*Asks:* 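Shown below is the structure under consideration.
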Amino acid sequence: TKQTIKASAGKLYGWFIYNPEAAASFVHFYNTDTVTVGTTNPQMTLAVPAGSAANVMSDIGITFDTAISCAATTTAGGNSAPATGVSLVALYK
């Protein structure tokens with residue numbers, strides 16, 4: 001399921017992601033608030049290994065011209081959500 005981080009243009013300055021699954025999860029960031037997971041092309045995708053975290057912080061930021069949305073899936077191009085769910089904290093403005 002798509003989650004809206006910011007429904008208007010902004011910058012993503014970092015993230016704290018934890019994947020409790022027994023398999024890798026894929027976190028997709030979209031430059032739109034109108035997302036069909038598995039169909040809409042993400043601006044970027046992060047693969048988070050099983051039982052691992054992916055944490056980044058930057059003062060430069062990544063620009064999203066329209067909106068900032070995200071979703072987590074079990075495959076890089078799929079639309080199936082992880083069973084347990086991925087924990088994500090996004091740092092944005």
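We're numbering straight along the sequence, starting at 1. Values in this document were obtained by computation on a predicted structure and should not be read as measured data.
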*Asks:* Heavy-atom distance under 4.5 Å between the side chains of Pro42 and Phe29, does that happen here?
*Replies:* no
*Asks:* Do the side chain of Gln3 and the main chain of Ala72 share a donor and acceptor less than 3.5 angstrom apart?
*Replies:*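 Absent.
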*Asks:* Which heavy-atom pair separates Thr66 from Asn31 by the least distance, and what is that distance?
*Replies:* N-OD1, 3.0 Å
*Asks:* Of all residues at least two apart in sequence or in a different chain, which pass the side chain to side chain contact (heavy atoms under 4.5 Å, CB included) check with Lys2?
*Replies:*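 Listed in chain order: Thr4, Asp33, Val35, Val37, Ser69.
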*Asks:* How would you list, by chain and number, every residue that makes a side chain to side chain donor-acceptor pair (under 3.5 Å) with Thr45, sequence neighbours excluded?
*Replies:*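 Partners of Thr45 by the side chain to side chain donor-acceptor pair (under 3.5 Å) criterion, ordered by chain and then number, come out as His28.
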*Asks:* Does Leu91 belong to the same Ile/Leu/Val/Met/Phe/Trp/Tyr cluster as Leu46, with side-chain heavy atoms less than 4.5 Å apart forming each link?
*Replies:*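 As far as the 4.5 Å side-chain criterion goes, Leu46 and Leu91 are not connected within one cluster.
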*Asks:* Same hydrophobic cluster for Val48 and Ile62, using side-chain heavy-atom links shorter than 4.5 Å among ILVMFWY?
*Replies:*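 Linked within one cluster.
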*Asks:* Could you report the tightest heavy-atom contact between Ala90 and Leu12, atom names first, then the distance?
*Replies:* CB-CD1, 4.0 Å
*Asks:* For Gly78, is there any backbone N or O sitting under 3.5 Å from a side-chain donor or acceptor partner on Thr75?
*Replies:* yes
*Asks:* Applying a strict under-4.5 Å side-chain criterion to I, L, V, M, F, W and Y, I'd like to know whether Val56 and Phe64 cluster together.
*Replies:*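 The answer is yes; both residues are in one hydrophobic cluster.
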*Asks:* I want to check something: taking the side chain as every heavy atom from C-beta on, are Leu88 and Cys70 in contact at a cut-off of under 4.5 Å?
*Replies:*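 With C-beta onward as the side chain, the pair touches.
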*Asks:* First locate atom CG of Asn41, then atom OG1 of Thr36, and finally report the distance between them rounded to the nearest 0.5 Å.
*Replies:* 11.0 Å
*Asks:* What distance do Ser87 atom OG and Trp15 atom CH2 have between them, rounded to the nearest 0.5 Å?
*Replies:* 15.0 Å
*Asks:* Which pair of heavy atoms, one from Ala67 and one from Ala7, lies closest together, and at what distance?
*Replies:* CB-C, 3.8 Å
*Asks:* Test of understanding: with side chain to side chain contact (heavy atoms under 4.5 Å, CB included), list the residues that count as partners of Thr84, not counting sequence neighbours.
*Replies:*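 Applying side chain to side chain contact (heavy atoms under 4.5 Å, CB included) to Thr84 gives Pro20, Glu21.
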